[in-house]
Amino acid sequence: MIKTYGILLMDVLLLISAILCDIVKGIYRLCVPVAEKNVTGEVILITGTGHGIGKELALKYASLGATVVCWDINEQGNDETVEEIKQNGVSKAYGYKCDVSNREEVIKTAEKVKKEVGDVTILINNAGIMPSYHLMDHTPEHIKRIFDINVLAHCWILQAFLPNMIKNDYGHIVSISSMAGIFGLPNIVPYCSSKFAIRGLMEALCEELRAQNGGKSSNIKFTTIYPYMVNTGLCKKPLYRFQSMQLISIKEAVDAIVKAQRQNIREVSIPTYWFYINSLIRCLPPSCREHLSDFLKVGVDVAD
Ligand SMILES: NC(=O)c1ccc[n+]([C@@H]2O[C@H](COP(=O)([O-])OP(=O)(O)OC[C@H]3O[C@@H](n4cnc5c(N)ncnc54)[C@H](O)[C@@H]3O)[C@@H](O)[C@H]2O)c1
Ligand SMILES: *[C@@H]1O[C@H](CO)[C@@H](O)[C@H](O)[C@H]1NC(C)=O
């Protein structure tokens, strides 16, 4: 009896000291940020590189000396991205047409990448769609498509590339969720659910790898990004009350994503304060979130 309580007491003290230690480290890191990792020589697979955030991510990583593997269902847009990178002449770029929602296609294309380029060391799951209708106006095919691309594709791609990362005990997985993955919003109910799902997927997978690694964090890093509306055209009818809350530029979003990845940051919203506001508001009664929402009037209108 006494022995059991002794062990329990020890464990509680260890828990408290570990938490305090990490809080101190966290405060230190607020003053002295982690240095950004050098991505020269990394092989970075990015999905949805034919347009928008994915395209700019590919260009940015290429300018930093990484080898970039570009996947998109839109072959023309994707080829343009690869051409642009090649013209800049700093890095290598490879383009593949792939519908990430198609599991067979993902597996086949992944095999090609392994043969033609080598092991992917950084995976950025970015491709996504956002149809905006009332839930009742979404067709079943619509809803399934949203989940196929925004969620299930992540599983297929992870199953294709994670084994090598685990074998090499090295890698980084980045997922682009959304502000709609931390706040529920009208007119994009399936999209919000798919983006909330990404948060769970990333946290659970990170925990699973830690468990498989005997409780220690493995050398495979995780970064989940929650951007506010970005000026790519994806968000066709943005709503907001204040001019200061207009859409953020693609450059701002991409700089923040690359910085977070290079600093091994686990979760970050763009702008960063939204993540803290969310954590705070969730400690209050649910109506408080509604009051904030009514005040800001941020969201997405239904498409025509
Ligand atoms: N733009 C925003 O306001 C915003 C805000 C938060 C999060 N996000 C997220 O960022 C990511 C990128 O968004 P974006 O604004 O750059 O979009 P975008 O529409 O500009 O580009 C998306 C790209 O993904 C590709 N794609 C779509 N379906 C695909 C499929 N099945 N297989 C392969 N490629 C496919 C498209 O062809 C396109 O090139 C998405 O996951 C989106 O949900 C966007
Ligand atoms: C990154 O690494 C490469 C090769 O490993 C090196 O040539 C380059 O100078 C490094 N860049 C920085 C900014 O440290």
Side-chain angles (χ1 to χ4, degrees), residues 35-42 45-61 63-67 69-82 90-91 95-103 105-106 109 124-132 144-154 156-157 174-183 185 188 190-199 224-240 245-254 256-257 262 268-271 274 298-300:
E36 294 180 33
K37 295 191 281 192
N38 188 344
V39 293
T40 310
E42 302 285 346
L45 168 64
I46 307 169
T47 64
T49 36
H51 192 262
I53 295 171
K55 180 186 174 101
E56 292 309 316
L57 274 174
L59 291 167
K60 170 99 186 183
Y61 275 116
S63 75
L64 292 170
T67 297
V69 181
C70 299
W71 281 19
D72 206 292
I73 194 172
N74 169 359
E75 196 169 19
Q76 195 194 337
N78 205 35
D79 287 350
E80 281 168 21
T81 306
V82 172
V90 186
S91 282
Y96 297 86
K97 178 176 189 288
C98 180
D99 176 355
V100 292
S101 68
N102 181 329
R103 187 163 187 274
E105 221 175 296
V106 166
T109 318
I124 305 184
N125 272 315
N126 161 77
I129 56 168
M130 189 189 76
S132 50
K144 285 184 185 155
R145 185 94 187 123
I146 294 170
F147 273 82
D148 277 338
I149 297 173
N150 294 7
V151 185
L152 297 183
H154 292 224
W156 313 147
I157 298 172
V174 181
S175 285
I176 312 299
S177 177
S178 168
M179 207 69 92
I182 45 178
F183 292 107
L185 296 168
I188 46 171
Y191 179 79
C192 278
S193 9
S194 74
K195 292 298 179 180
F196 265 73
I198 290 309
R199 189 173 188 192
T224 312
I225 312 274
Y226 306 95
Y228 179 73
M229 296 184 283
V230 185
N231 196 1
T232 63
L234 179 86
C235 190
K236 294 198 179 56
K237 291 193 164 180
L239 302 170
Y240 49 87
M245 290 183 67
Q246 37 182 290
L247 309 207
I248 58 181
S249 71
I250 306 185
K251 186 184 179 310
E252 186 186 341
V254 164
I257 295 168
R262 294 181 65 193
V268 69
S269 62
I270 311 171
W274 280 113
V298 168
V300 179

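Note: hydrogens, waters and symmetry copies are ignored here, and every other heavy atom, side chains too, is used. One-based numbering, in listed order, for ligands and for the atoms of each. Residue indices begin at 1 and follow the sequence shown. Worth saying up front: this structure is predicted, and the values here are computed from it rather than measured.
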*Looking at atom 3 (O) of ligand 1, what's its closest protein heavy atom, distance included?*
V230 N, 2.7 Å

*Ligand-residue contact atoms, ligand 1 with G50, heavy atoms, under 4.0 Å*: 39 (O)

*Is any side-chain heavy atom of N74 closer than 4.5 Å to a side-chain heavy atom of H51?*
no

*Note, L247 side chain near Y240 side chain (heavy atom, < 4.5 Å)*: yes

*Measure the distance from atom 24 (O) of ligand 1 to every protein heavy atom, then report the residue, atom name and distance (to 0.1 Å) of the closest one.*
G48 CA, 3.4 Å

*For ligand 1, is there an N or O atom under 3.5 Å from any N or O atom of S178?*
no

*For G52, the ligand 1 atoms whose distance to one of its heavy atoms is below 4.0 Å*: 16 (O), 20 (O)

*Should the proximity of H154 to ligand 1, defined as any heavy atom under 4.0 Å, be assigned to the side chain, the backbone, both, or neither?*
neither

_Option nearest atom 9 (C) of ligand 1 (shortest heavy-atom distance, choices I176, I46, I225)_ = I176

*Under 4.0 Å to a heavy atom of G128 - the qualifying atoms of ligand 1, by number*: 40 (C), 41 (O)

*Heavy-atom contacts with R145 under 4.0 Å: which atoms of ligand 1 show up? List them by number with element.*
31 (N)

_At under 4.0 Å between heavy atoms, is it the side chain or the backbone of C98 that contacts ligand 1, or both, or neither?_
backbone

_Taking the side chain as everything from C-beta on, heavy atoms only, tell me whether W156 gets closer than 4.5 Å to V100._
no

*For ligand 1, which atoms have a heavy atom of N74 less than 4.0 angstrom away?*
37 (O)

*Provide the number and element of each atom of ligand 1 under 4.0 Å from a heavy atom of T232.*
1 (N), 14 (P), 15 (O), 16 (O), 20 (O)

_A side-chain contact here means heavy atoms from C-beta on lying under 4.5 Å apart; do V300 and M130 qualify?_
yes

_Residues, nucleotides or ligands: over 12 heavy atoms within 6.0 Å of K251 NZ_ = no

*Check S177 against ligand 1 and report side chain, backbone, both or neither, counting heavy atoms closer than 4.0 Å.*
backbone

*Are any non-hydrogen side-chain atoms of Y228 and P271 less than 4.5 angstrom apart?*
yes

*Residue of the set I257, N125, I46 for which side chain to side chain contact (heavy atoms under 4.5 Å, CB included) holds with I176*: I257

*Considering only heavy atoms from C-beta outward, does the side chain of K237 approach that of S132 to under 4.5 Å?*
no

*Closest by any non-hydrogen atom to atom 31 (N) of ligand 1: pick that one out of I53, I73, D99.*
D99

*Heavy-atom gap Y228 to ligand 1 smaller than 4.0 Å*: yes

*asked:* Do S249 and N231 pair up side chain to side chain, a donor and an acceptor below 3.5 Å, judged on atom types alone?
replied: no

*Does the protein put a heavy atom less than 4.0 Å from atom 5 (O) of ligand 2?*
no

*Return yes when at least one protein heavy atom is under 4.0 Å from atom 14 (O) of ligand 2, and no when none is.*
yes

*Nearest protein heavy-atom contact for atom 41 (O) of ligand 1: which residue, which atom, what distance?*
N126 O, 2.6 Å

*Out of I248, L234, I270, whose heavy atom is nearest to atom 19 (O) of ligand 1?*
L234

*asked:* For F147 versus S193, what's the shortest heavy-atom pair and its separation?
replied: CZ-CB, 3.7 Å

*Tell me: protein heavy atom nearest atom 6 (C) of ligand 1, and distance?*
P227 O, 3.3 Å

*asked:* Give me the nearest non-hydrogen protein atom to atom 20 (O) of ligand 1 as residue plus atom name, then the distance to 0.1 Å.
replied: H51 ND1, 2.5 Å

*Is there side-chain contact between S101 and R145, with heavy atoms separated by less than 4.5 Å?*
yes

*Would you mind telling me if ligand 1 is within reach of the side chain of I149, the backbone, both or neither, using heavy atoms under 4.0 Å?*
side chain

*asked:* As a check for students: among V39, T40, N38, L64, identify the option with a heavy atom nearest to atom 2 (O) of ligand 2.
replied: N38

*Closest protein heavy atom (residue, atom, distance) for atom 8 (N) of ligand 1*: Y191 OH, 3.7 Å

*asked:* Under a plain distance cut-off of 3.5 Å, with no hydrogens placed, do T224 and R199 share a side-chain donor-acceptor pair?
replied: no

*Where is the nearest protein heavy atom to atom 38 (C) of ligand 1: which residue, which atom, and how far?*
D72 OD2, 3.5 Å

_side chain to side chain contact (heavy atoms under 4.5 Å, CB included) assessment of V106 paired with R103_ = CA-CA 5 Å; V106 166; R103 187 163 187 274; 5.6 Å; no

*Just do the salt bridge (Lys or Arg N to Asp or Glu O under 4.0 Å) check on K97 and E75 with the steps written out, would you?*
CA-CA 5 Å; K97 178 176 189 288; E75 196 169 19; 5.5 Å; no

*Is K55 close to D72 at the side-chain level, that is, under 4.5 Å between some pair of heavy atoms?*
no

*May I ask you to identify, for M179, whether its side chain, its backbone, both or neither come under 4.0 Å of ligand 1 on a heavy-atom basis?*
neither

*asked:* How close do I129 and Y191 get, counting heavy atoms only, and between which atoms?
replied: O-CD1, 3.1 Å

*Could you find the nearest protein heavy atom to atom 32 (N) of ligand 1 and give me its residue, atom name and distance?*
V100 N, 3.0 Å

